[in-house]
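Quick caveat, the model's predicted, so the values are computed rather than measured. Hydrogens, waters and symmetry mates are skipped; everything else that's a heavy atom, side chains included, is used.
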Amino acid sequence: MRPLAILPSILAADLAHIGEAVRDAMAAGGDIVHIDVMDGHFVPNISFGQDTVRAIRNVTDRRLDVHLMIAPVDCYIESFAAAGSDVITVHPEAGPHLHRSLALIRQLGKKAGVALNPATPVATIEHVLDDIDLVLVMSVDPGFGGQAFIPASIEKLNILRAMTASRDIEIEVDGGITAETAGAVAAAGANWLVAGSAVFKGGPAAYAGNIAAIRKSAERARGELV
Ligand code: DX5
Ligand code: ZN
């Protein structure tokens with residue numbers, strides 16, 4: 001089974017204190033930092049840029065999972081790589097040549113991911129399976145934290161698990177992940193669980209309990225807990 005990871009999404013952190021939030025969330029049991037980059041064009045919200053990624057790179061040794069919700073995307077991949085991203089994920093709708101975007105990410109020595117919006121079919125990645133390290137299933141429409149989980153994501157995860165069996169591809173899920181939904185997505189094959197609101201709610205003193213609750217649900221669903 002692919003190793004389980006919990007990825008705090010810093011979009012939900014106190015943005016006046018991003019560095020502390022990253023350090024605290026990682027010390028509280030987070031595995032990988034998820035950074036949502038939004039341009040107010042591809043999605044109806046604006047968030048972080050390369051300088052934010054670089055600033056976060058300077059406060060943690062953990063992997064940085066950078067989710068690009070920007071179009072065009074190709075012209076920015078190199079600068080996000082240089083800023084210290086470890087994984088760079090693009091949406092297929094954000095550029096004309098998905099294969100070319102993925103090749104560029106790998107050429108830059110980074111892991112390449114494809115994000116599938118709720119209405120984007122899994123077949124979109126059928127012919128680039130050799131070119132990706134990760135597939136991200138959006139379980140909400142991208143753009144905002146704190147939205148409700150879309151149940152149809154479960155079927156999508158099941159299909160992707162079959163499609164990527166025996167390949168070294170992480171299956172990530174992003175949007176509406178809580179202790180309540182983590183079990184179902186883990187049971188359907190997701191092993192990278194992004195969570196924003198469910199990690200950062202209640203402030204720093206609550207992070208460890210919040211992350212543990214998500215992890216326990218996922219571990220139970222994976223048969224790792226009794
Ligand atoms: C949404 C982002 C998510 C967001 C998830 O466009 O991609 O990463 O931070 O937030 P929650 O976990 O609150 O749904
Ligand atoms: Zn995201």
Quiz item: Is any NZ, NE, NH1 or NH2 atom of the basic residue among Asp31 and Arg215 found under 4.0 Å from an Asp or Glu carboxylate oxygen of the other?
Solution: yes
Quiz item: Taking everything shown except Asp168 itself, do over 12 heavy atoms lie less than 6.0 Å from its CG?
Solution: no
Quiz item: Got more than 12 heavy atoms from elsewhere within 6.0 Å of CD, Glu20?
Solution: yes
Shortest non-hydrogen separation from [X] to [Y] and the atoms involved:
{"X": "Gly143", "Y": "Met69", "value": "N-SD, 4.2 Å"}
{"X": "Thr181", "Y": "Gly176", "value": "OG1-O, 2.9 Å"}
{"X": "Ala182", "Y": "Ile214", "value": "CB-O, 3.7 Å"}
{"X": "Ile105", "Y": "Ile88", "value": "CD1-O, 3.5 Å"}
{"X": "Leu116", "Y": "Val122", "value": "CD1-CA, 4.0 Å"}
{"X": "Ser139", "Y": "Ile177", "value": "OG-CD1, 4.2 Å"}

Is there a side-chain contact between [X] and [Y] in this structure, where contact means two heavy atoms from C-beta onward sitting under 4.5 Å apart?
{"X": "Leu160", "Y": "Ile169", "value": "no"}
{"X": "Asn191", "Y": "Arg222", "value": "yes"}
{"X": "Val87", "Y": "Arg63", "value": "no"}
{"X": "Asp36", "Y": "Asp174", "value": "yes"}
{"X": "Tyr76", "Y": "Gln50", "value": "yes"}
{"X": "Lys111", "Y": "Glu170", "value": "no"}

Atom pair [atom1] ([X]) and [atom2] ([Y]), whose distance is rounded to the nearest 0.5 Å:
{"X": "Ile46", "Y": "Asp39", "atom1": "CD1", "atom2": "CG", "value": "7.5 Å"}
{"X": "Thr164", "Y": "Ile171", "atom1": "OG1", "atom2": "CD1", "value": "3.5 Å"}
{"X": "Leu225", "Y": "Ser217", "atom1": "CG", "atom2": "OG", "value": "9.5 Å"}
{"X": "Glu172", "Y": "Leu157", "atom1": "CD", "atom2": "CG", "value": "11.0 Å"}
{"X": "Arg23", "Y": "His17", "atom1": "CZ", "atom2": "NE2", "value": "12.0 Å"}
{"X": "Ile70", "Y": "Ile77", "atom1": "CD1", "atom2": "CD1", "value": "8.0 Å"}

Exercise. Can you tell me which residue pairs pass the salt bridge (Lys or Arg N to Asp or Glu O under 4.0 Å) test with a partner in residues 122-147, sequence neighbours excluded?
Key: Arg106-Asp133, Asp130-Arg167
Practice problem: Scan for salt bridge (Lys or Arg N to Asp or Glu O under 4.0 Å) pairs involving residues 45-55, sequence neighbours excluded, and state none if there are none. | Solution: Asp51-Arg54
Quiz item: Quick one: ring pair (Phe, Tyr, Trp, His ring centres under 6.0 Å) partners of Phe42, sequence neighbours excluded?
Solution: His91
Quiz prompt | With sequence neighbours excluded, residues passing ring pair (Phe, Tyr, Trp, His ring centres under 6.0 Å) with Tyr207 | solution = Phe200
Strictly distance-based, threshold 3.5 Å: is any side-chain N or O of [X] a donor or acceptor partner for the main-chain N or O of [Y]?
{"X": "Ser101", "Y": "Asp74", "result": "no"}
{"X": "Lys156", "Y": "Pro118", "result": "yes"}
{"X": "Arg57", "Y": "Thr60", "result": "yes"}
{"X": "Asn117", "Y": "Ala119", "result": "no"}
{"X": "Arg62", "Y": "Gly30", "result": "yes"}

Cluster question for you: counting only ILVMFWY and a side-chain heavy-atom cut-off of under 4.5 Å, with indirect links fine, are [X] and [Y] together?
{"X": "Val128", "Y": "Ile159", "value": "yes"}
{"X": "Val66", "Y": "Val135", "value": "yes"}
{"X": "Met38", "Y": "Val140", "value": "no"}
{"X": "Ile35", "Y": "Met138", "value": "no"}
{"X": "Leu134", "Y": "Val73", "value": "no"}

Practice problem: Just grab all the ring-ring contact (aromatic ring centres under 6.0 Å, His included) pairs involving residues 112-169, residues at least two apart or on different chains. | Solution: none
Exercise. Would you tell me whether His67 and Asp65 have side-chain atoms, one donor and one acceptor, within less than 3.5 Å of each other?
Key: no
Exercise. Evaluate the side-chain contact (heavy atoms from CB on, under 4.5 Å) criterion for residues Phe48 and Ile56: first the C-alpha distance (whole Å), next the side-chain angles of each, then the deciding distance (0.1 Å), finally the verdict.
Key: CA-CA 11 Å; Phe48 316 118; Ile56 293 172; over 6 Å; no
Quiz item: Pick from Ile10, Asp86, Ile32: which one makes a side chain to side chain contact (heavy atoms under 4.5 Å, CB included) with Leu64?
Solution: Asp86
Quiz item: Going through the checks in order, is the side-chain contact (heavy atoms from CB on, under 4.5 Å) test met by Leu136 and His34?
Solution: CA-CA 12 Å; Leu136 189 172; His34 184 82; 4.3 Å; yes
Exercise. Please name all residues satisfying salt bridge (charged side-chain N to carboxylate O under 4.0 Å, His left out) with Arg2, sequence neighbours left out, ordered by chain then number.
Key: none
